[in-house]
Number of protein chains: 2
Amino acid sequence: MAKNAKISNAVIKRLPRYRRYLIELKKKGVEKISSKEFSNLIGYTASQIRQDLNNFGGFGQQGYGYSVDGLYKEISAILGLDKEYRMVIVGAGNLGQAIAKYTHFHKQGFKVCAAFDINPNLIGKDLDGIEILDYENIVEYVEEEEIDIGIICVNRDNAQEVADKLSFAGVKGIWNFAPTDIEVPSHVALEVVHLSDSLHSLAYHMNDIQKKEAAAEELRRSDKSARD
Amino acid sequence: MAKNAKISNAVIKRLPRYRRYLIELKKKGVEKISSKEFSNLIGYTASQIRQDLNNFGGFGQQGYGYSVDGLYKEISAILGLDKEYRMVIVGAGNLGQAIAKYTHFHKQGFKVCAAFDINPNLIGKDLDGIEILDYENIVEYVEEEEIDIGIICVNRDNAQEVADKLSFAGVKGIWNFAPTDIEVPSHVALEVVHLSDSLHSLAYHMNDIQKKEAAAEELRRSDKSARD
DNA sequence: TAGATTGTTAATCGATTAACAATC
DNA sequence: TAGATTGTTAATCGATTAACAATC
């Protein structure tokens, strides 16, 4: 059964992934799956899968496994994906516009209701049905339209100011794409996407692989010369 | 001094963040910082900061602290940011176009050389100086132009095929934005940005906060009625 | 030199994996 | 019922934090 203990973020971060694989299984018509079969598919240990799921409840059946559809529905509910979310984008530059147009989120119940900017050349424009409005009016819009999530796509220097305004206006969550760290009140959830950090991490791993390959090559070379 | 042991990914993921704060400090003209001062700023413990840095070398000086500029340069070098990287985008839809136009990466030495698509309506177009080319020709382009990184912005179903082709063509790293897991050869570095997963995680935390607030409210209510 | 702060070892904490009794 | 597989406790592993000797 469901526990009251705090669930670690490592577990939460795995849930969307479980859910993606369950969607694939459903598509293939698979009706049940054991933790061992799931382990082979998703790459987590069977033990970890059972531990993770048991944080939320006993969704399986001994001797049988887990119902694919049942588990899909449970995880969707845990993540809150049985609800609809209303979002605004702040900063209608390239990234903001791309997210506005990215219909993928809309299909999953995350609706972009409007975008906001301070640039008079952008205000009034339409992005595939999503209007760019004046940032001046964001607080009343968020209140009146009952916006749940604010997406920050402004530059680094303005990110905190936008986060403060969104929090004040009453959003429940902030999705930050600005390349800086921001602070939000404890009643606002914060999720960060640091694209630059991600790219830097990629650069590290690329160089690490190169370095290891060079070292291995050096070893072969010196081995060979020792044999000669 | 630098160790040979494998450095955990948790450490690597913190390096770009250290670097961001060091840039801010440099801007402010701060020349040295102790692990304790850095801890107050960045929010990691002083102990963790010293541990992290000592994975790569003894960059500090006892009794003094760390040189801001020196540490910035060391971390930049560790991440491989003292080099230039040549990138291609595969999939010139909304996201691909946004990344192509996002000049932020270019400033940091990550140059988008071209975008690729199969859509005849897109091929030949120009995205702020970046041309959209025919995906047919991607292998020879990557080879001839010595591309280091492939950015996957195609849909889920085509992501693995694209990853295979990029790996075959000789990229050293793949940055995957497609909402699916892909496999790459061990000599290719892989970094993933799962936007949907991130959004789902945000949804979880929003609902978690709401649930806790509701529970706290309920507690106050029942407390009050017990007192009455 | 005395004070400050690192580099590094030891202790703690938390997350993952293994084992197995419960049970379908 | 026997076999399979979960739910859950125990053991292990790895990452973080604390402590302190080394040293600038």
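Being a predicted model, the structure only gives us computed values, none of them experimental. In what follows, chains carry the letters A, B, and so on, assigned in the order in which the sequence lines appear, proteins first and then strands, with residues in each chain numbered from 1.
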Would you kindly give the [atom1]-to-[atom2] distance between [X] and [N], to the nearest whole Å?
| X | N | atom1 | atom2 | value |
| --- | --- | --- | --- | --- |
| A:Gln48 | D:dC13 | CD | C1' | 13 Å |
| B:Asn55 | D:dG14 | CG | C1' | 13 Å |
| B:Asp52 | C:dG7 | CG | C1' | 13 Å |
| A:Asn9 | C:dG14 | CG | P | 14 Å |
| A:Asn54 | D:dT6 | CG | C1' | 8 Å |
| A:Leu53 | C:dA15 | CG | P | 17 Å |
| B:Tyr44 | D:dT17 | OH | P | 11 Å |
| A:Glu37 | D:dA4 | CD | C1' | 11 Å |

Exercise for review: Mind checking A:Thr45 for me? I need base, sugar-phosphate or nothing, with any heavy atom below 4.0 Å counting as a touch.
Suggested key: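 The answer is sugar-phosphate, as A:Thr45 gets under 4.0 Å only of primed atoms, P, OP1 or OP2.
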Exercise for review: Please work out if B:Phe38 contacts a base, only the sugar-phosphate, or nothing of the nucleic acid, heavy-atom cut-off 4.0 Å.
Suggested key: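 If one applies the 4.0 Å heavy-atom cut-off, B:Phe38 turns out to touch nothing in the nucleic acid.
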**Study point:** Geometric cation-pi criterion A:Lys32 and A:Tyr64, 6.0 Å radius, 45° cone
**Key:**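 So A:Lys32 does make the cation-pi contact.
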**Study point:** Ring-face cation of B:Arg19 near B:Tyr72 (centre distance under 6.0 Å, axis angle within 45°)
**Key:**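 The answer is no, since B:Arg19 fails at least one limit relative to B:Tyr72.
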Exercise for review: Strictly below 4.0 Å, heavy-atom distances to any atom of DNA chain C: list the hits from residues 21-35 of chain A, or just say none.
Suggested key: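 Result for residues 21-35 of chain A: none.
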Can you see if the side chain of [X] gets near the phosphate of [N] - specifically, an N or O under 4.0 Å from OP1 or OP2?
| X | N | value |
| --- | --- | --- |
| A:Tyr66 | C:dC24 | no |
| A:Gln62 | C:dA22 | no |
| B:Arg14 | D:dA15 | no |

Review point. For B:Arg50 and B:Gln61, take the nucleotide of DNA chain D holding the closest heavy atom to each; which residue's nucleotide lies nearer the 5' end?
Key: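 First, find each residue's nearest nucleotide; the 5'-ward one identifies B:Arg50.
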Point to revise | Electrostatic pair B:Glu161-B:Lys165, nearest N-O below 4.0 angstrom | key: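 The answer is yes: the pair qualifies as a salt bridge.
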Exercise for review: Check A:Lys172, A:Lys83, A:Lys111 against A:Asp148 for a side chain to side chain donor-acceptor pair (under 3.5 Å) and give me the one that passes.
Suggested key: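 When A:Lys172, A:Lys83, A:Lys111 are each tested with A:Asp148, the side chain to side chain donor-acceptor pair (under 3.5 Å) holds only for A:Lys172.
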Check your understanding: Taking the side chain of B:Ser47 as its heavy atoms from C-beta onward, which of C:dG7, D:dT17, D:dT8 lies nearest to it?
Key ->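 So the side chain of B:Ser47 is nearest to D:dT17.
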**Study point:** Side chain of A:Gln51 - closest among C:dT9, D:dA10, C:dG7
**Key:**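 Among C:dT9, D:dA10, C:dG7, the one nearest the side chain of A:Gln51 is D:dA10.
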Review point. Looking at side-chain heavy atoms only, is the closest gap between A:Glu191 and A:Asn176 below 4.5 Å?
Key: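 Side-chain contact under 4.5 Å: no.
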Check your understanding: Does some side-chain heavy atom of A:Ile149 sit less than 4.5 Å from a side-chain heavy atom of A:Arg86?
Key ->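 A side-chain contact under 4.5 Å is absent here.
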**Study point:** Watson-Crick or G-U wobble partner of D:dC13, both distances under 3.5 Å
**Key:**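 Across any shown strand, D:dC13 pairs with C:dG14.
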Check your understanding: Does C:dA22 have a Watson-Crick or wobble partner in any strand here, with both distances under 3.5 angstrom, and which is it?
Key ->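 D:dT5 is the nucleotide pairing with C:dA22.
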Practice item. From the options A:Arg20, A:Lys13, A:Arg14, A:Arg17, select the one residue that forms a salt bridge (Lys or Arg N to Asp or Glu O under 4.0 Å) with B:Asp197. Key: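 Exactly one option meets the salt bridge (Lys or Arg N to Asp or Glu O under 4.0 Å) with B:Asp197, and it is A:Arg20.
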Exercise for review: Decide whether A:His187 and B:Gln210 meet the rule of one side-chain donor and one side-chain acceptor closer than 3.5 Å.
Suggested key: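 Their side chains do not contain a donor-acceptor pair, so the 3.5 Å distance test is not met.
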